[in-house]
Protein chains: 2
Amino acid sequence: MKRKVTLKQIAKELDVSISTVSKSLKNSPEISEDTRLKVQAFAKLYNYKPNNIALSLKNKKTKTIGIIIPEIVHHFFATVISGIEQVANEQGYNVIVCLSDESFDKEVINLEMLANGSTDGFIMSLSKETQQKKDFHHLQEVINQGMPIVMFDRVANEILADKVIIDDLLAAYQAVNFLIEEGRKKIALITTVDYVSVGKLRTEGYIKALKDHNLPIDENIILKIEDIDNCSDVIEKLIAEQKIDSVFAVNELFAVVAIKEALKKGIKIPEELSVIAFTDGIISKFSTPTITTVSQNGVKMGRKAAEMLIERLEAEDEEEERYRTEVIETNLISRESTQT
Amino acid sequence: MKRKVTLKQIAKELDVSISTVSKSLKNSPEISEDTRLKVQAFAKLYNYKPNNIALSLKNKKTKTIGIIIPEIVHHFFATVISGIEQVANEQGYNVIVCLSDESFDKEVINLEMLANGSTDGFIMSLSKETQQKKDFHHLQEVINQGMPIVMFDRVANEILADKVIIDDLLAAYQAVNFLIEEGRKKIALITTVDYVSVGKLRTEGYIKALKDHNLPIDENIILKIEDIDNCSDVIEKLIAEQKIDSVFAVNELFAVVAIKEALKKGIKIPEELSVIAFTDGIISKFSTPTITTVSQNGVKMGRKAAEMLIERLEAEDEEEERYRTEVIETNLISRESTQT
DNA sequence: TTTCAACACGAAAACGTTTTCGGTTAGCCT
DNA sequence: AGGCTAACCGAAAACGTTTTCGTGTTGAAA
């Protein structure tokens, strides 16, 4: 087991100083060609690679981006990470991933953990609990210390920082419009509880679309679901008791459950019931029928977030405090669960 | 913007030495209660937190685990990361994730990058290209330097290291047995090319099951698919031309495509065609019909891998070179795509 | 009064780099 | 011979910790 070789060891072995070794490896003109080549040959032989930790300490830069997200077992977040990783990689950065598990406390712990030197900046999406408590002091503290944060998807208006979002309201509006233009009148909404920022915005888009077309807002066909695991009962009830002709769901899961319950009752999709879901993931592509969705393009969000963060990290001029909010466009992917 | 405070600054401010500050914060009995409390109060006021990088350099430990996987936009890998992160978190470790993107070169680069001090050890699953080339020198080199590696799922027999796998052969055998006991005679296999280790093992399990029941091996109903994106044509052809009564697919995707193609032709599932897939993911749970699968339990794999790695990292006795291969049990989850 | 222990604290090394600055040698010019 | 300039190299500081060892002061025991 040959441990990693250091400058000091090379210096000792070749009977020169550490500085000489360092300079030689950096092809400094200060060093004669003789010693330079000698050192380089030796370094190559022993496979010398500079120690990242030492470099980080010296440079006060880790070349590492911290990612904090609610969970990873969720296709959308996975795609965002993928996007972040792509540009991080291109620019010589590494990513260190922490999961808040939708818990405020874990989010705080992770953030503070990584803020003590481990990363140069953060890309994050808030946990549900954080959004509910509206407590963002941990973010503010990190920002005050001079670490840039880029927030995506679940962002906080209260925090001044760069952000990458989609226009949830508009996208929902367009999706519901699509259903209306298809001739649907009784459009059910299956959404989350209101403290989830994106859920709320999508609900607003739904309502706006109905209003703009003079359709009534019927609370009986608006479902706000808290517990995602046991949603099938309430959804089944909705379909059984209300004479709806279409469904707009704020995520794939709600949509696919609705479809399943409808099919059980012999309801034809899309003829009798048209379905659109938010978030274009695996499920929509492969369910039967395939589901028309609003595509969020997580990869693009991730790429954009990483670009913004790195740009800020590498800006010489520290004090340019103009925060940007980038809006990623969505598009409706038409599949079998709708008619037109 | 108040930058992070260091021991040195506290020392200067209170007019004591750095050592005194450090010892005070660690409640060393060497320091008088007076100064101890004074320092602690000051540190709390200024929210002092030790710098991780400096600690890493000093302790020669980063408390960080490197994860290198082919891709993250893949439910199985996401669950594994989730499992790793759980126990890492419990034990005070962070995880830094790199994606090889199924490329040998990227795998090498990432590994070497992180091996230079950034992490204490690795958990990884090989890229397809690496498995094809059978070139593992990068792994061997890292191991030789004294960094432990735990491999999971796509492992290399040529490398001596801890491993976490499932018994792919046995699980496939049992799945095919299930179909045979259901009364199926013409069981198609949809698998990957052979250099993917798990694909090969699952194929072997399939063949063994057929042989043990004296069923013929028919090359015409064994599909080895290279390009996962354009698999529907060949699968459609299989279903059209061969009179098969069941399908065993080595992943969810192949299974769901087969089901879709069968339904298009009016073939009833599971009555006329029974389907079992490897890898229990999102698709199987929500497709119509839901798919019977072999569950791999990625979370458990991840947890086990992390436990093994951390155990090795924290073993005082460095030279205990007994590598273990842990086999995670699988189980067949029976759903609507099979009859019994 | 001398001696010794206990107590409280500081200096310095170490981890592995990079970089500035200073120093030595040789050669060249006057 | 004296002085100057390159060319080449090394010492040391710096990043922020922890820890060992040393040192000075105090009080009490002899």
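Computed from heavy atoms alone, side chains included, the values below leave out hydrogens, waters and symmetry copies. Computed from a prediction, not measured in an experiment: that's the story for all the values here. Just so we're on the same page: letters track the sequence lines, and every chain starts at 1.
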In this structure, how many angstroms lie between the [atom2] atom of [N] and the [atom1] atom of [X], rounded?
X	N	atom1	atom2	result
A:Lys61	D:dA14	NZ	P	21 Å
A:Glu33	D:dC8	CD	P	10 Å
B:Leu37	C:dA8	CG	P	12 Å

Could you tell me which non-hydrogen atom of A:Ile149 sits nearest to which non-hydrogen atom of A:Ala161, and how far apart they are?
->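 Scanning both residues completely, I find the closest heavy atoms to be O-CB, 3.5 Å.
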
Would you indicate which nucleotide in C:dC9, D:dC9, D:dG10 comes nearest to any side-chain atom of A:Ile31?
->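 The nucleotide sitting nearest to the side chain is D:dC9.
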
Do [X] and [Y] sit within salt-bridge range, that is, some charged N less than 4.0 Å from a carboxylate O?
X	Y	result
A:Glu314	A:Lys63	yes
A:Lys133	A:Glu107	no
A:Arg303	A:Glu90	yes

Residues two or more places apart in sequence or in another chain: which of them pass ring pair (Phe, Tyr, Trp, His ring centres under 6.0 Å) with A:Phe104?
->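 Testing A:Phe104 for ring pair (Phe, Tyr, Trp, His ring centres under 6.0 Å), a comparison that skips the adjacent residues, returns A:His138.
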
Would you please confirm or rule out a distance under 4.0 Å between OP1 or OP2 of C:dC15 and any side-chain N or O of B:Ser56?
->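 B:Ser56 to C:dC15 OP1/OP2: no side-chain N or O under 4.0 Å.
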
For the pair A:Tyr46 and A:Phe42, name the ring-plane relationship: parallel under 30°, tilted 30 to 60°, perpendicular over 60°.
->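 The rings of A:Tyr46 and A:Phe42 lie parallel, inter-plane angle below 30°.
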
Would you list the protein and nucleotides 16-20 of chain C atom pairs, both N or O, that sit under 3.5 Å from each other?
unit_1 : atom_1 : unit_2  : atom_2 : d
C:dG16 : OP1    : B:Lys60 : NZ     : 2.9
C:dT17 : OP1    : A:Tyr48 : OH     : 3.0
C:dT17 : OP1    : A:Asn51 : N      : 3.4
C:dT17 : OP2    : A:Leu7  : N      : 2.9
C:dT17 : O5'    : A:Tyr48 : OH     : 2.9
C:dT18 : OP1    : A:Lys26 : NZ     : 3.3
C:dT18 : OP2    : A:Ser22 : OG     : 2.9
C:dT20 : O4     : A:Lys23 : NZ     : 3.3

